[in-house]
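Report on the following structure.
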Amino acid sequence: MAYDADVIVIGAGLAGLAATAELVDAGRKVILLDQEPEQSLGGQAHWSFGGLFLVNSPEQRRLRIRDSHELAWQDWLGTAGFDRPEDHWPRKWAEAYVDFAAGEKRSWLHRQGVRLFPVVGWAERGGYDATGHGNSVPRFHITWGTGPGLVAPFERRVRAGAARGLVELRFRHRVTGLSRSAGSVDTVSGEVLEPSDVERGRPSSREVAGAFEFRAQAVIVTSGGIGGNHELVRANWPERLGTPPRRMLSGVPAHVDGKMLGIAEAAGGRIINRDRMWHYTEGIDNWNPIWPLHGIRILSGPSPLWLDARGKRLPVPLFPGFDTLGTLEHIMRTGHDHTWFVLTQKIIEKEFTLSGSEQNPDLTGKSIRDVLGRARAGAPGPVQAFMDHGADFIVERSLTDLVRRMNELTGEPLIAEDALRGEIVARDREIAHPFTKDLQVTAIRGARKYLGDRLIRTAAPHRILDPKAGPLIAVRLNILTRKTLGGLETDLSSRVLADGGAPSPSSRLRSSRGGPIPGLYAAGEAAGFGGGGVHGYRSLEGTFLGGCLFSGRMAGRAAARAVS
């Protein structure tokens with residue numbers, strides 16, 4: 001039987017584009033399949049803020065950030081918490097990825113035209129000890145052009161391959177099965193969906209117009225995770241994170257449903273770390289949604305008071321931007337799904353950024369003039385739009401009115417004004433002198449010692465009840481689904497591993513994996529961004545897009561070597 005291509009890639013997101021681009025460079029013929037229409041090329045990466053984890057970059061050095069491979073690896077290990085037999089390959093992938101981030105990652109992207117915003121962000125600050133979770137230094141580099149700017153060079157390389165006759169772009173092709181010949185996965189079958197002209201990200205028709213079957217020497221699965229499938233998220237919810245939320249928002253489109261993972265598993269692939277996932281706790285209802293339950297994440301500086309549903313401050317070190325999953329675990333044990341930010345106009349003007357390419361038109365549009373406009377008085381335009389239209393935003397001059405409306409929004413009198421006023425007044429007293437026992441105040445002052453935070457991310461410390469800093473603002477925060485940290489187990493050649501077989505003798509963390517499945521590879525979120533869980537339990541942020549690129553590149557190069 002003749003082959004239709006050398007390699008079939010399933011999923012036209014960033015990992016799939018990176019793999020296909022590498023295959024084109026090697027002169028291989030590729031069929032790139034995706035169930036969505038062509039206008040959704042680039043997948044979730046298009047909607048992203050474009051954050052990239054880099055180590056000891058020129059951008060860091062210009063801001064006097066002293067970083068190193070050794071420090072980054074220490075932070076990765078403290079964050080990942082690898083502790084399972086199946087963490088053998090995830091740990092190997094982590095070592096390779098940190099090497100990449102501290103080595104050729106920036107220059108490789110720069111050669112393709114990717115440029116970076118000069119101010120480096122400090123995400124996931126941790127707040128524990130030196131060997132615990134978090135970034136010891138700022139490492140979050142924002143792509144100039146955000147997600148679309150990062151997708152563009154890889155789309156360009158793939159389309160150049162199509163022009164050379166090396167790539168067939170097959171949109172509206174939904175895979176339903178993988179099968180083997182002579183033991184090797186070489187056949188991909190499925191349904192052709194009817195054409196759709198819906199805008200990027202909006203739900204497309206699932207009407208079936210036909211069927212397909214293609215054969216190739218190798219198949220690479222780059223279909224993403226499960227974030228749009230709340231039923232599957234709840235089914236895999238770990239006990240350590242408490243009770244699954246009754247209500248969640250979606251940080252990804254509905255087609256990110258995890259079905260391809262089940263298909264790969266049915267073909268013999270081993271999925272590990274199903275219970276490791278990454279969801280945000282600062283989600284707000286999008287007042288102008290694109291997909292169902294569309295949520296946006298607030299990327300906040302360290303100053304807002306973070307309160308539980310009853311108005312009590314979250315414990316140390318659960319401040320904005322410090323420990324995402326630690327905060328999620330705490331929230332899920334309170335008996336409520338929501339929390340609150342309480343802040344001032346002065347704080348929101350400097351500290352609120354919204355995640356997503358569409359929420360940052362200045363960075364996405366590469367407009368220096370508009371970026372400089374962020375320094376003007378008033379909240380950024382997208383933030384102001386949420387203040388004006390967002391269901392989760394409350395703006396009032398008095399704390400009495402703010403509390404009344406907070407209780408009206410939730411439909412329950414959960415917050416007592418006297419108790420909340422006491423929390424705020426006590427915190428405000430700590431601002432009046434250069435000493436403090438309030439560790440959030442210490443964190444704010446520490447952040448302002450970093451030039452990047454002082455310039456654009458952290459407001460000068462002030463009393464929340466100071467009328468000159470007002471009005472007061474309350475924001476109801478929801479759980480927002482996002483990333484799958486587990487996935488198909490792969491070796492360092494991105495080959496999907498089967499169940500069974502002897503454990504590896506080369507590591508204390510042994511895996512009960514079988515050998516690689518001939519012909520089957522995986523990359524991106526479908527592979528837990530490499531190995532079936534490169535992040536372990538937690539992420540350092542900026543590692544998802546980079547993980548797609550790195551694992552996609554590895555898969556493409558490995559498949560190119562394997563096919564004749």
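Start at 1 with the first residue, then count along the sequence.
A donor and an acceptor atom, one from each side chain of His133 and Thr79, are located under 3.5 Å apart. A donor-acceptor pair shorter than 3.5 Å can be found between the side chains of Ser539 and Thr543. Counted by atom type alone, Glu124 and Thr324 present one or more donor-acceptor pairs between their side chains at under 3.5 Å.
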Exercise for review: Apply side-chain hydrogen bond (donor to acceptor under 3.5 Å, both in side chains) to Ser204 and Ser196, showing your working.
Suggested key: CA-CA 6 Å; Ser204 60; Ser196 174; 4.9 Å; no

Review point. For Ser250 and His230, what are the C-alpha separation, side-chain angles and deciding distance, and is it a side-chain hydrogen bond (donor to acceptor under 3.5 Å, both in side chains)?
Key: CA-CA 8 Å; Ser250 288; His230 290 193; 2.6 Å; yes

Review point. Can Lys259 and Gln35 be said to form a side-chain hydrogen bond (donor to acceptor under 3.5 Å, both in side chains), step by step?
Key: CA-CA 12 Å; Lys259 291 182 179 178; Gln35 67 178 353; over 6 Å; no

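In this structure, Arg276 is positioned above the aromatic face of Tyr537, its NZ or CZ under 6.0 Å from the six-membered ring centre and within 45° of the axis.
Within the model, atoms CG of Asp285 and CZ of Phe386 stand 8.5 Å from one another, a figure rounded to the nearest 0.5 Å. Atom OG1 of Thr20 is separated from atom CG of Leu166 by 11.0 Å, given to the nearest 0.5 angstrom.
Under a 4.0 Å N-O distance rule, the pair Glu59/Arg139 does not qualify as a salt bridge. Salt-bridge annotation for Asp87 and Arg91: absent, with no side-chain N of the basic residue lying under 4.0 Å from a carboxylate O of the acidic one. Remark: Lys105 does not engage Asp99 in a salt bridge, criterion side-chain N to carboxylate O under 4.0 Å. Looking at Arg170 and Asp34, no side-chain N of the basic residue comes within less than 4.0 Å of a carboxylate O on the acidic one, giving no salt bridge. Between Asp4 and Lys29 there is no salt bridge, since none of the side-chain N atoms of the basic residue sits less than 4.0 Å from a carboxylate O of the acidic one.
Within the 4.5 Å cutoff, the side chain of Thr222 has no heavy atoms near those of the Ile10 side chain.
Of the possible donor and acceptor atoms, one in the side chain of Gln60 sits under 3.5 Å from a partner among the backbone N and O of Pro138. With hydrogens and angles disregarded, no donor-acceptor distance shorter than 3.5 Å links the side chain of His535 to the backbone of Gly533. Checking side-chain atoms of Thr143 against main-chain N and O of Gly50 turns up a donor-acceptor pair under 3.5 Å. A donor-acceptor pair under 3.5 Å links the side-chain atoms of Ser205 to the main chain of Glu207, judged by distance alone. A donor-acceptor contact shorter than 3.5 Å is absent between the side chain of Asn135 and the backbone of Asp75.
Aromatic ring orientation, Trp144 versus Phe117: parallel (interplanar angle below 30°, classes split at 30° and 60°). Ring geometry, Tyr280 versus Trp278: the interplanar angle exceeds 60°, so the pair is classed perpendicular (tilted spans 30 to 60°).
Aromatic ring centroids of Trp237 and His279 lie under 6.0 Å apart.
Nearest heavy atom pair, residue Ala5 against residue Ile31, reads CB-CG1, 3.7 Å.
For Asp186, the salt bridge (charged side-chain N to carboxylate O under 4.0 Å, His left out) partners at least two apart in sequence or on another chain are Arg215.
Applying the salt bridge (Lys or Arg N to Asp or Glu O under 4.0 Å) rule to pairs touching residues 541-553 yields Glu104-Arg553, Arg297-Glu541, sequence neighbours excluded.
Tested against Phe529 for a ring pair (Phe, Tyr, Trp, His ring centres under 6.0 Å), the candidates Phe550, Phe544, Trp89, Phe53 yield a single pass: Phe544.
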